[in-house]
Protein chains: 2
Amino acid sequence: MEQASVTIADVARLAGVSKVTVSKTLNNSGRISQETRERVLKAAKDLGYTVNYAARSLRGGRTNLLGMVVPELISPYFTDVARAAAEAASRVGLDVGVFTTSRDQKREQERIGMLQSGLADGLLIVVPSDSASFLVSLEKSKIPVVLINHFGAKTHLPTVCADNYHGARAAVEHLLSLGHERIGFVTGAKESTQAQERLRAFKDTLGARGLLDPTLIAEGNFTQRRGFEAGQDLLNHALPPTAIFAASDATAFGVIDAIKDRGLRIPDDISVVGFDDVLAASQIHPTLTTVSHPIEDMNSTAVRLICEMLDGESHKDTLIEFPSSLVVRESTGPRKA
Amino acid sequence: MEQASVTIADVARLAGVSKVTVSKTLNNSGRISQETRERVLKAAKDLGYTVNYAARSLRGGRTNLLGMVVPELISPYFTDVARAAAEAASRVGLDVGVFTTSRDQKREQERIGMLQSGLADGLLIVVPSDSASFLVSLEKSKIPVVLINHFGAKTHLPTVCADNYHGARAAVEHLLSLGHERIGFVTGAKESTQAQERLRAFKDTLGARGLLDPTLIAEGNFTQRRGFEAGQDLLNHALPPTAIFAASDATAFGVIDAIKDRGLRIPDDISVVGFDDVLAASQIHPTLTTVSHPIEDMNSTAVRLICEMLDGESHKDTLIEFPSSLVVRESTGPRKA
DNA sequence: TTGTATGCGTTATCAC
DNA sequence: GTGATAACGCATACAA
């Protein structure tokens, strides 16, 4: 198994040229005669040569690898983001390696340090929580860093995010327009800045209409299981809501389970709105009305920013906010007469 | 942003020692006086030093990084595997970077080549399809490689897998024991060797009892959406099945949607069995009877194999098969009288 | 206990 | 068109 790797020196020897010539040939730099080029290429192929990225990186070259750091890969939201980033990067010839932090600050730091030191050309950080100290160290990164969906602590790092506030607001207004007045809410994880934005929008929108009932706010944590429990709690309310807004699609799936479990129909008896528009939202039945982040656009923008920074451009303080949009599907309907 | 990185030379200068002393201190190798050690550590901290993994790797050292290659991150199955691997690796001080191939063979090769050449200490490959040529090149890898859930083409590479065949068999026998005789099946993706194993077990088990009806086999592709459609097809059958075995949990979720959509109850009207035991299987309602791979065990074993190979041990031809086990939950019940 | 010298594989620079 | 040389940052063998 342990097999000495083939280096350009080996290729050079076989082709009867110098290492430099091999390097130039392989990288299409410098002037190489057609004949030599072919000889080198053949030798490289025969030997099964592959570049050593560690060496290239050390020399100051690119690895064509982007590191993406996410808290975990259980929530469909993070896997959707990871997928979108991988696709966007792929289009410009870059790879994405996804690293999970398990929300462990120490590991987070180590992982990022590792990626920064030669392994990756750039970093995409999906920051769920508001960890200022962490961001400060990132600002000194020697490779480009872009934050995705970060809210909260001020930072000079380029950031791409979705407008959670107005998206959530649109969701609540949609329910209001359907005649709902008792609207329940299942929150996201407390430490998530995105969840905070969504809750704030919920309170603001209902509060402005004098319809805010704090007892209709149940605590969630972005998981389906917790959504199920929170849904049950809301249904057990003395005066249950006629519509429930869940802070994430996964949560909404749990709420839907709870409602079906109770023998109630969606949206006839009760409406449900999610947030994220993950893939499954359009696949379940009834299909879920939800708030869509333009995840594809956000990630291709993030990748673009990285590329521009690699080309020397500065994106200090760049903040690109994408509008969220409400996607109305089958899970919402008029309040029961 | 572009900031010259701090090297051991900088630390050495500040601490007033040589580079070697710094290296030894940081790696706890060699004998260093307590006083010097503290001075070096302080200097390193003050400068914000982090090792350059590219340099360390080039020098022959470890990066403490494992590369995991999966086809995609949409299926909960792959994200569960990724999570289990990350946790197992974390316990032994390793990181896992997850790379998706989008089932593109060329990119697959490139990605693996990159990881092999200095970036990763070992490779965990989740091979969905039977790509022999691909495996051959992996056998020549200079870093340890472990295959996860690979079936099909012969290979000398160490492999950790779950016994899909007997797991699927147990699922069918469970349905038989509940009195079901018309049992439908929704296949997985055609190219998946795991899916092939499951289908084979289904056919064998029913065939042996003379209960195999090919018209009750619907084609799926491991997605919920396709599961929904396949479920509808089976329900539209002139003589519909009283139980449906889906080749994956995601597929089963789709089947469940189709059944509920039809106004039928689970398991009263029809039983459903999945395969994978992803997290959501125990979270939906009704909770899903399914076949469980010991994903945690499999991945910690895979990581252990990598570690042993890093220590010089050979695992050529090692094949560790874990039993799958049926997890009976609420989605299956006796055939309706 | 500490330091000097060397090389890992690559590529940019410059000379031929 | 091609090649010799140096340098990236680190860790090892060896010397002091």
Side-chain angles (χ1 to χ4, degrees), chain A residues 2-41 43-44 47-65 113-119 121 142-143, chain B residues 2-41 43-44 47-64 113-114 116-119 121 142-143:
Chain A
E2 288 284 340
Q3 137 159 351
S5 50
V6 180
T7 75
I8 47 172
D10 301 317
V11 177
R13 204 173 307 120
L14 181 60
V17 295
S18 77
K19 295 195 300 178
V20 180
T21 305
V22 175
S23 174
K24 281 180 179 164
T25 304
L26 265 26
N27 294 295
N28 289 316
S29 63
R31 279 147 294 275
I32 302 291
S33 75
Q34 186 58 27
E35 188 219 356
T36 318
R37 141 168 270 98
E38 281 167 8
R39 201 146 34 91
V40 169
L41 257 29
L47 261 32
Y49 170 82
T50 52
V51 288
N52 182 314
Y53 281 84
R56 172 180 285 178
S57 165
L58 185 56
R59 188 61 188 72
R62 302 273 170 84
T63 60
N64 294 322
L65 173 64
M114 174 183 72
L115 290 167
Q116 285 175 327
S117 72
L119 262 38
D121 288 348
K142 60 185 169 185
I143 61 173
Chain B
E2 289 283 342
Q3 139 158 348
S5 51
V6 179
T7 75
I8 47 172
D10 300 318
V11 177
R13 203 174 308 119
L14 181 60
V17 296
S18 77
K19 295 195 298 179
V20 180
T21 306
V22 175
S23 174
K24 282 180 179 164
T25 304
L26 265 26
N27 295 295
N28 289 314
S29 63
R31 279 147 294 276
I32 301 292
S33 75
Q34 186 57 30
E35 188 218 355
T36 316
R37 140 168 269 99
E38 281 167 9
R39 200 145 36 91
V40 170
L41 257 28
L47 260 34
Y49 169 83
T50 51
V51 290
N52 181 315
Y53 282 82
R56 171 180 288 179
S57 163
L58 186 55
R59 187 62 188 70
R62 302 274 169 84
T63 60
N64 294 322
M114 174 184 72
Q116 285 175 327
S117 71
L119 264 36
D121 288 347
K142 60 184 168 185
I143 62 172

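The chains referred to below are lettered A, B, ... by the order of the sequence lines, with proteins before strands, and numbering in each begins at 1.
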As an exercise, state the distance from CE of B:Met114 to OG1 of A:Thr50, rounded to the nearest 0.5 Å.
11.5 Å
When you measure from every atom of DNA chain D, which of residues 18-31 of chain A have a heavy atom less than 4.0 Å away?
A:Ser18, A:Val20, A:Thr21, A:Lys24, A:Arg31
Within residues 47-65 of chain A, which residues have any heavy atom lying less than 4.0 Å from an atom of DNA chain D?
A:Leu58, A:Arg59
Closest heavy-atom pair and its distance - A:Arg62, A:Arg56:
O-CD, 3.1 Å
Chain A reaches DNA chain D, atoms under 4.0 Å from its heavy atoms, from D:dG1 to D:dG9
Correct closest heavy-atom pair for A:Asn64 and A:Asp121 would be N-OD2, 2.7 Å
If you compare all heavy atoms of B:Tyr49 against all heavy atoms of B:Val6, which two are closest, and at what distance to 0.1 Å?
CD1-O, 3.4 Å
Can you pull out how bent the helix from C:dT1-D:dA16 to C:dC16-D:dG1 is, comparing the axes over its first five and last five pairs, to 10°?
40°
Mind checking what makes side chain to side chain donor-acceptor pair (under 3.5 Å) contact with A:Gln34, not counting sequence neighbours?
A:Glu38
Can you pull out the residues from residues 9-16 of chain B that lie within a 4.0 Å heavy-atom distance of DNA chain D?
none
Could I get the full list of side chain to side chain donor-acceptor pair (under 3.5 Å) partners for B:Thr36, not counting sequence neighbours?
B:Ser33
Which residue pairs pass the salt bridge (Lys or Arg N to Asp or Glu O under 4.0 Å) test when at least one of the two sits in residues 8-23 of chain A, sequence neighbours left out?
A:Asp10-A:Arg13
Do you know the tightest heavy-atom contact between A:Lys142 and A:Gln116?
CE-O, 3.1 Å
For a quick test of reading the model, state the closest non-hydrogen atom pair linking A:Leu58 to B:Asn52 and the distance between them.
CD1-ND2, 4.4 Å
Under the rule for side-chain contact (heavy atoms from CB on, under 4.5 Å), what residues qualify as partners of B:Ser57, not counting sequence neighbours?
A:Ala54, B:Thr63
Can I get a per-line list of side-chain donor-acceptor pairs under 3.5 Å for residues 20-29 of chain A, giving both atom names and the distance, sequence neighbours left out?
unit_1  : atom_1 : unit_2  : atom_2 : d
A:Thr21 : OG1    : A:Ser18 : OG     : 3.2
A:Ser23 : OG     : A:Asn27 : ND2    : 3.4
A:Thr25 : OG1    : A:Thr21 : O      : 2.7
A:Asn27 : ND2    : A:Ser23 : O      : 2.8
A:Asn28 : OD1    : A:Arg37 : NH2    : 2.6

In whole Å, what is the span from the CD1 atom of A:Ile8 to the P atom of C:dA12?
11 Å
Contact class for B:Thr36 (heavy atom, under 4.0 Å): base, sugar-phosphate, or nothing?
sugar-phosphate
